[in-house]
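Keep in mind the model is a prediction, meaning the values are calculated, not measured.
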Amino acid sequence: MPNGSDDGAFSPGNIDFNAFYRGGAALPGTGFVLDVVPWGIDGPQPVLVALEESGRLSGDILDAGCGLGENALYLAGRGHRVTGFDAASGALEQARARAASRGLDVTFVQADATTLDGVQQQFDTVVDSALYHCLDGVQRTAYSAALHRVTRPGAQLHLFCFADVTWPGFSLPVMTVSQDDLHAHLDEHWQISGIELMDYATAFTRQYLQEHQADLEKAGISVEPGALRTDDAGRALAPMWKLHAVRR
């Protein structure tokens, strides 16, 4: 898993994920501390809520790269059996605290996505909400195999990752993923049945992006505040691939 580096632009290989959960991570080459968790919206992702309401999540669910646990906690609150894993210990500590404060039963474990050591074959559904694009090519292949190992026959995979499309307002070109990439790394273990483009809420507001535009662009993050698309809560929307696949 990426563990952070001071070299190069903002990219999967140099993100210090634990730093985000400690209060902020310095963007390489800028000295600017990004003091928001870009994917932390203090609640479940709307796309995950819609997926659950569609009735397409069943059995034992694995939340891959669970972060602060909001998606897992939402699913547990809806009556699902959920396990969340993440490599960042700081995120898991907060996720467990949130579960306890809400009286929700969720198992949170620390694991490397490329091996999932210690995780048993027990899952019928996998939800990946913005983990895949944080891995490099070799890691994505290993991740696909690891998910196959810990899932049961017929398991479903629902994966959301940054899409390589032109998008007004805000994008992270260094972290975008093509449909060809998804096929290249998943096809051996997963039969992809659909990939579609959709909106994904981030923690960024128009004001935040405008105030820090210069520093963000130095780190390779494209920002056009005037063209930004936001949801009803004022959160910047990013383009994501929504993938569905079935375990081979």
Would you give the length of the straight line joining atom CD of Gln179 to atom CG of Leu197, rounded to the nearest 0.5 angstrom? 9.0 Å
Under 3.5 Å side-chain donor-acceptor pair for [X] and [Y]:
X      : Y      : result
Tyr143 : Thr115 : no
Asp180 : Ser178 : no
Asp63  : Tyr74  : no
Thr151 : Arg247 : yes
Asp181 : Tyr132 : yes
His189 : Ser144 : no

Name all pairs fulfilling the side-chain hydrogen bond (donor to acceptor under 3.5 Å, both in side chains) condition that reach into residues 41-51, sequence neighbours left out, sorted by first residue then second. none
Go through it in stages, so that I can follow the logic: the residues are Asp112 and Phe85, the test is side chain to side chain contact (heavy atoms under 4.5 Å, CB included), and I'd like the CA-CA distance, side-chain angles, deciding distance and then a yes or no. CA-CA 8 Å; Asp112 184 321; Phe85 82 81; over 6 Å; no
Tell me which pairs pass salt bridge (charged side-chain N to carboxylate O under 4.0 Å, His left out) where either residue lies in residues 44-58, with sequence neighbours left out. Glu52-Arg78
Looking at Ser58, is its backbone amide N or carbonyl O close enough to the side chain of Thr125 to form a donor-acceptor pair, meaning the two atoms are under 3.5 Å apart? yes
Electrostatic pair Asp60:Arg152 at N-O distance under 4.0 angstrom: yes
Answer yes when Glu70 and Arg102 have at least one side-chain N-carboxylate O distance shorter than 4.0 Å, and no when they do not. yes
Where is the tightest heavy-atom contact between Pro225 and Gln210, given as atom of each residue plus distance? CG-CA, 3.8 Å
Looking only at heavy atoms, which two atoms of Ala64 and Val126 are closest? And how far apart? CB-CG1, 4.4 Å
Just so I know, are the side chains of [X] and [Y] near enough to count as touching, which here means a heavy-atom distance under 4.5 Å?
X      : Y      : value
Arg22  : Asp16  : yes
Thr202 : Leu237 : no
Val47  : Asp199 : no
Val246 : Leu157 : no
Cys161 : Leu182 : yes
Ile61  : Phe123 : no

Please determine whether side chain to side chain contact (heavy atoms under 4.5 Å, CB included) holds for the pair Phe20 and Leu34, giving the CA-CA distance in whole Å, both sets of side-chain angles, and the decisive distance to 0.1 Å. CA-CA 8 Å; Phe20 277 118; Leu34 187 62; 3.7 Å; yes
Using side chain to side chain contact (heavy atoms under 4.5 Å, CB included), reason through Gln139 and Asp136 one step at a time and then give a plain yes or no. CA-CA 5 Å; Gln139 291 170 329; Asp136 65 26; 3.2 Å; yes
Linked, directly or transitively: Leu159 and Val165 (ILVMFWY side chains, under 4.5 Å): yes
With clusters defined by side-chain heavy atoms of hydrophobic residues (ILVMFWY) lying less than 4.5 Å apart, directly or transitively, does Leu73 cluster with Ile41? no
Please test Ser89 against Asn18 for side chain to side chain contact (heavy atoms under 4.5 Å, CB included), starting from the C-alpha separation and ending with a verdict. CA-CA 7 Å; Ser89 58; Asn18 259 319; 3.8 Å; yes
Kindly state each residue pair satisfying ring pair (Phe, Tyr, Trp, His ring centres under 6.0 Å) with at least one member in residues 153-182, sequence neighbours excluded. His133-Phe162, His158-His244, Phe170-Phe204
